[in-house]
Amino acid sequence: MAKPRKPKPEDPKPAHSGAVVRHQKLCLSIDTNLRRIYGYTELEIEVPDIGIVGLHAENLGIESVLVDGEPTDFEYYPRSQSSDIEKRWASAVSSPSSAADVAAAAYIMALDTELIPNLLINCCNKMQIEQMNTEPNGVQSSAEVNQNVKSVRVNYWVEKMETGIHFEDNVVHTDNQIRRARCWFPCIDDNNQRCCFDLEFTVAHNLVAVSNGSLLYQVLSKYDPPCKTYVYRLDVPVTAQWISLAVGPFEILPDQHNGLISHMCLPPNLPKLRHTVEFFHNAFSEYEQYLDAKFPFGSYNQVFLSPEMAISSSTVGASLCILTSQVLFDEKVIDQTIDTCIKLAFALSRQWFGVYITPEAPNDEWLLDGLAGFLTDLFIKKFLGNNEARYRRYKANCAVCKADDSGATALSSSFACKDLYGTHSIGLLGKIRSWKSVAILQMLEKQMGPDFFKKILQAIICRAQSTTCPVRSLSTKEFRHFANKIGNLERPFLKEFFPRWVGFYGCPVLRMGFSYNKRKNIIELAVLRECTATIDSSVSVLNANPDSENRDGDIGWPGVMTVRVYELDGMSDHPDLPMAGDAWQLLEIACHSKLAARRYQKPKKGSKPDGSDDNGDLPTVDMRSSVDSPLLWIRADPEMEYLAEIHFNQPVQMWINQLEKDEDVVAQAQAITALESLPELSFSVLKALNNFLNDSKAFWRVRIEAALALASTSSEETDMAGLQHLVKFYKSRRFDTDIGLPKPNDFSDFPEYFVLEAIPHAVATIRAADRKSPREAVEFILQLLKYNDNNENPYSDVFWLAALVQSVGELEFGQQRIDRLLQFDRLMPSYNGILTISCIRTLAQIALKLSGFIHLDHVFELIKPFRDSKTIWHVRIEASRALLDLEHHCNGINAALLLFIKYIEEEPSLRGQVKLGVHAMRLCQIQGGSISSEDIKATTLVALLHLLESRIAFNNVFLRHYLFCILQVLAGRSPTLYGVPKEKLPCMGNVEICNEQKNNFGAPVNEIRPPQPQPQPPMGNPSHSNHSHDNLAIPEASKEVDTVSNSHDRKTAVVNIRVKQSATSSKVEEADNGTAERSEGGERSEGRRNHDADRGATSSVSVDAPQRNSTEAVSISNQNIEEVNSFHDHGSRITASIGSAKIASEGDNFGKELQCTADSGNASVHHQPDDPSSPSIIQDNYIDAEAKKYASLQTLSISRDDGPPFQEKEKEKKKKSKKKKKDKEKKRKGEEHKGERNDPEYLEKKRLKKEKKHKEKEMARILGEVKAASGELKSKKEETTSLTQMGGNKQEADNMNSSEPPKVVITKLETRTEPTQPTSAPKFRIKIKSKPLSKS
């Protein structure tokens, strides 16, 4: 059994306010006639010490706030939209790239603002404030702690419902968008805040109010008109996001098999509802049985609303799911059945994992999403078949392998989760992450076994339902612990598995080929392992070296892959392929079968060498790829134990064997893909595909793939054999042989129905040599459309007809027939408008293909009426998308985006806005690459930015995200927040959260608000150069920082000494500092150039740093020339920054320091602020990436004395220092023992002695160059330092023995001074420290 973790409070205090909600009560009265909500919410809150509680509230009218029944002060800052957006951005936006930068800044600022509480409540009365001020500091008693729990009541109303909650006629419902619960009741809208709820809703007596938890009772009032109050209680702590409400004249359908389940819909949809939910109790009981636990909530309700009302097809809440009636179907509809069953099963699984069991942190959301998908796959396997489950998983894995190439698909990393504000679950990347999560969990299930994995899920639910200390959150670390303790997986494996698969991105790509060794009877298998993603130098989750030129796939993945060999004597598995180590692998796999030539045929007289006989009958068909091989076919990873992309090369006959003989649907699909991609197609390949298509026992989805493969292989080279096979197959099933026309529809055989439905589309994709559809294909499809007869068929043919119409869209004929179908469907609407949608889509395709021959105005006029607001939602959106396609084709992307903005403003439904946003982003992606300013105007970009910050985008978080993605795609960037550098975003100015801030208790407010990211000012402005927010204070470095600042009235004379590192030390440091050098060097050099430009010319002296013989943990970037500018303190000084400097700490046993500073004027010590442009900051390679910028570098600033005493003092100091050095030398030599010449300590000291001589030689060169620099200063008659006097001590310099002296480069020189300010004698000091190494 897994080790239970330590008990922790169910509702941890959030970091931003310190307040904890213990319980919340919500009482609302809903008036559907006036479209108004009014009532109150009462929260039992643990008030923080500052006495201020911050709640989230938006779009609400706050009437009053009471604390413990008494009125109190509060501040409410509603969101306001800036009215001068066009003026503010007109000058900043000149190209798609600049618009993308502004969009990123605006989007991140909006997301950051949503995290800040905007309803601030004072929970301390005057008496309590006086007691807090007078009482001495001490430990609070238990009574005082209990007094800290307050009852906060907020009376409010909602009149204009725009988001969060919606009115549609007499129906009210919530949408559960991210951070939009605050738009219909005040709360702490945070994922870390969970509490129980009491819910009371008063509605008209003829309406039903459905909400979360168990319905306690209903109260019918005596008012006129009478009202009914529904009282619910939710005993399971949940976040505010999962609180849902649906009010309307619903028909209630209790489940016949389970009393906890209720289904509701509007009256017209009741027959469809009854047929749709017949299966649902099976999924409900299956989950309870698998998890060995009862449903965690008291009841489960499903409410089906019209599609125009919902923002998505399903909205999940605690014990409640709101879905669209579009998923309902009756007994006549076939195609919708599978999708609806899976959708309802997934919504139910989210109740277990996602609502009941919640992620402990944003990095753990992948785990709950994956577990919900895992439960859904169990349902699919049991009730839809194992073939359906395996085929879906195979296709999902293929999609993940193609898209998992960037950090945006990393499941558990701060960059891919926390910094994305929940947007990682939106769009295609959200689907990819969800599929990847399920695949990783299924990989773990394969490793540990199904029974052990089941026990892990049961243990998670069991501890959540514990009566003593329930734990309802789950983290990746805890799941890894369960996998070790319950799943019996070894810790080394898990230690590699989770970081590689969960913390990083990229999937293995295996390219495999084999050769059969007849003499040894073995298979020689060659494997090349690669990765779908190259390593990113900015993100190194696995501590890999970013400077490596190898692909990240060389790191490998844990475990081994199984190779399955099918031979004449049977099948055998060989788990011999390691997924780590060398990228190239060569394996030897032993065969168990004898050569087939000796077994199947005895040699006869007159026979040929291959065993055939001209006179004899044909032998039994030989399935082998060669007479010299016993192999039938080979598969890699047959059980899909790895999320990998596999390219296997084997002879054509072996692929045919795999297609015909292997009963696994994944093996069949892989064989079809391989045969379809062959450069040359033989008759045997076409025959194998045709035989599989005609095999009624094969899985219908794979048969459809065979039909599409036949269509793609049909060409003039094969005499259109694929087209003939497809037409012959269809006519053998659906045509009357006597009259040669299609039979009346008969869809009783569902698998055969799906296969035949796909044949027209496959035929329509065939092209002749002139790239046009063959005449036989056109006549075939038009004949099917013309003679379609569904009179005697008990099932609907709406999807059948829609498939035929879309097939016509692939051709160049048949527009008149589609017009008639379109008008017919307007008179008699089909199921969900499916036929109308297909006709609109097909007309648009035909118009785009024939735009050079026909006028598009007719198509415009034909489609435009379907955009009327009275038409159903799906048809209206399809018409808008078709018109956008035509506008893009005719007038370009700029006109299409302007039309898109118009449609968004006119579209009333949130879901319709999302669909249009997705389509507009696809149009931008079709454009490809970075769009130039000529293709799109600045006014269009500003209009998109205005829409991004508008109320429309705030009301629809999905639309807002797609607007941001559109602007990124226009600039040629990836459509995600991942990788957006926050520190480089343009400054958006000071954006106020509210219109008026009373600031009655502003000081405590600053404590509860999280720090907002401040935009980085332009690097060229020196006045802002000392306000960096990315600095990191290192204790070891701060101990030795020595800065001196002069009078604030003087200008500065700054001389930079640039240190060139020696080649030896550069090579020594290369391993440790290479990572930080490339990532930080460019930014630092850029900032240095801008900084120097603002200061004007500065004097810079370059010297070689002393050689280093040991690597250091913390160092500067090891560039050959490293220059760090000095801070603008007032007064003249010279600073030296050493490229190989090391932060000295008490624990270091070795270190060298080179400090060289000179200062003019009266010195006064003060603390210098941290600044990346200051020399007191250096690079740390081993610090957290968010804080890692610079660390402290020592500087000394010493006052100058202009006069002769300077020389005397210097001579005295030098004599003392020389004397001390001699004493140290004698002491060191005295301590040495004879006979220890081979002692490592002695050798190390000897090495240090030589190194010291090198250093002294280098210092001699420094003194000579400084003398030259000071002479140049005097010649210019400016204030100079007396460095020339340091060169007088020639005797000491001549006695220094060293190797070849390093180069000294004087780059540029400038001094600044105030002529009215008196100066003192110059003073200069050079200090050299050398510390011996300790014993190793």
Any side-chain donor near an acceptor of the partner, [X] and [Y], under 3.5 Å:
{"X": "D885", "Y": "H919", "value": "yes"}
{"X": "N397", "Y": "R392", "value": "no"}
{"X": "N691", "Y": "N694", "value": "no"}
{"X": "N788", "Y": "D797", "value": "yes"}
{"X": "E676", "Y": "S712", "value": "yes"}

What I'd like to find out is whether the side chain of [X] reaches to under 4.5 Å of the side chain of [Y], using heavy atoms alone.
{"X": "H761", "Y": "Q806", "result": "no"}
{"X": "Q783", "Y": "E779", "result": "no"}
{"X": "S715", "Y": "T718", "result": "yes"}
{"X": "Q670", "Y": "Q658", "result": "yes"}
{"X": "I342", "Y": "L384", "result": "yes"}
{"X": "N649", "Y": "F514", "result": "no"}
{"X": "M512", "Y": "I646", "result": "yes"}
{"X": "P794", "Y": "K332", "result": "no"}

Mind checking the [atom1]-[atom2] spacing from [X] to [Y]? Nearest 0.5 Å is all I need.
{"X": "L804", "Y": "K786", "atom1": "CG", "atom2": "NZ", "answer": "14.5 Å"}
{"X": "N690", "Y": "Q724", "atom1": "CG", "atom2": "CD", "answer": "10.5 Å"}
{"X": "M640", "Y": "Y394", "atom1": "CE", "atom2": "OH", "answer": "9.0 Å"}
{"X": "K436", "Y": "I432", "atom1": "NZ", "atom2": "CD1", "answer": "10.0 Å"}
{"X": "L708", "Y": "T765", "atom1": "CG", "atom2": "OG1", "answer": "6.5 Å"}
{"X": "H725", "Y": "I759", "atom1": "NE2", "atom2": "CD1", "answer": "12.5 Å"}

Is a side-chain N or O of [X] found less than 3.5 angstrom from the main chain of [Y], in a donor-acceptor match?
{"X": "Q650", "Y": "I634", "value": "yes"}
{"X": "E567", "Y": "H592", "value": "yes"}
{"X": "T340", "Y": "T337", "value": "no"}
{"X": "S593", "Y": "D569", "value": "yes"}
{"X": "T673", "Y": "A669", "value": "yes"}
{"X": "D637", "Y": "E641", "value": "yes"}
{"X": "S773", "Y": "V778", "value": "no"}
{"X": "D405", "Y": "T532", "value": "no"}
{"X": "N657", "Y": "L632", "value": "yes"}

Is [X] salt-bridged to [Y], cutoff N-O under 4.0 Å?
{"X": "E705", "Y": "R701", "result": "no"}
{"X": "R564", "Y": "D573", "result": "yes"}
{"X": "D664", "Y": "R635", "result": "yes"}
{"X": "E878", "Y": "K915", "result": "no"}

TODO: In sequence, state the C-alpha distance, the side-chain angles, and the governing distance for I522 and C591, and then conclude on side-chain contact (heavy atoms from CB on, under 4.5 Å).
DONE: CA-CA 5 Å; I522 62 172; C591 294; 5.8 Å; no

Locate the shortest heavy-atom distance separating [X] from [Y]; write the atom from each residue and the value.
{"X": "G506", "Y": "C531", "value": "CA-SG, 3.9 Å"}
{"X": "I766", "Y": "P774", "value": "O-CD, 3.4 Å"}
{"X": "P751", "Y": "W700", "value": "O-CB, 3.8 Å"}
{"X": "E810", "Y": "R767", "value": "O-NH2, 2.8 Å"}
{"X": "A396", "Y": "W435", "value": "CB-CG, 4.0 Å"}
{"X": "L886", "Y": "A844", "value": "CD2-O, 4.3 Å"}

Task: Neighbour count above 12 (heavy atom, 6.0 Å) for E717 CD - done: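 Check fails, neighbour count at 12 or below.
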
Open item on the list: Other residues, nucleotides and ligands only: do more than 12 of their heavy atoms fall within 6.0 Å of CZ on R922?
Closed with: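 Counting other residues, nucleotides and ligands, CZ of R922 stays at 12 neighbours or fewer.
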
Going by the angle between their ring planes, with limits at 30° and 60°, are [X] and [Y] parallel, tilted or perpendicular?
{"X": "Y391", "Y": "F699", "value": "perpendicular"}
{"X": "W800", "Y": "Y753", "value": "parallel"}
{"X": "Y795", "Y": "F750", "value": "perpendicular"}
{"X": "W633", "Y": "Y566", "value": "parallel"}

TODO: May I have the step-by-step check of side-chain contact (heavy atoms from CB on, under 4.5 Å) for M654 and L631, ending in yes or no?
DONE: CA-CA 8 Å; M654 297 181 71; L631 304 176; 4.1 Å; yes

TODO: Kindly determine whether I846 and L811 satisfy side-chain contact (heavy atoms from CB on, under 4.5 Å), including the steps that lead there.
DONE: CA-CA 8 Å; I846 294 175; L811 305 174; over 6 Å; no

Task: Q668, E752, K697 screened by side-chain contact (heavy atoms from CB on, under 4.5 Å) with R703, the one that passes - done: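 Per the side-chain contact (heavy atoms from CB on, under 4.5 Å) rule, the option paired with R703 is E752, out of Q668, E752, K697.
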
- [ ] Kindly indicate, with the supporting measurements, whether the criterion side-chain contact (heavy atoms from CB on, under 4.5 Å) is fulfilled by L643 and M443.
- [x] CA-CA 8 Å; L643 180 60; M443 288 164 57; 3.9 Å; yes

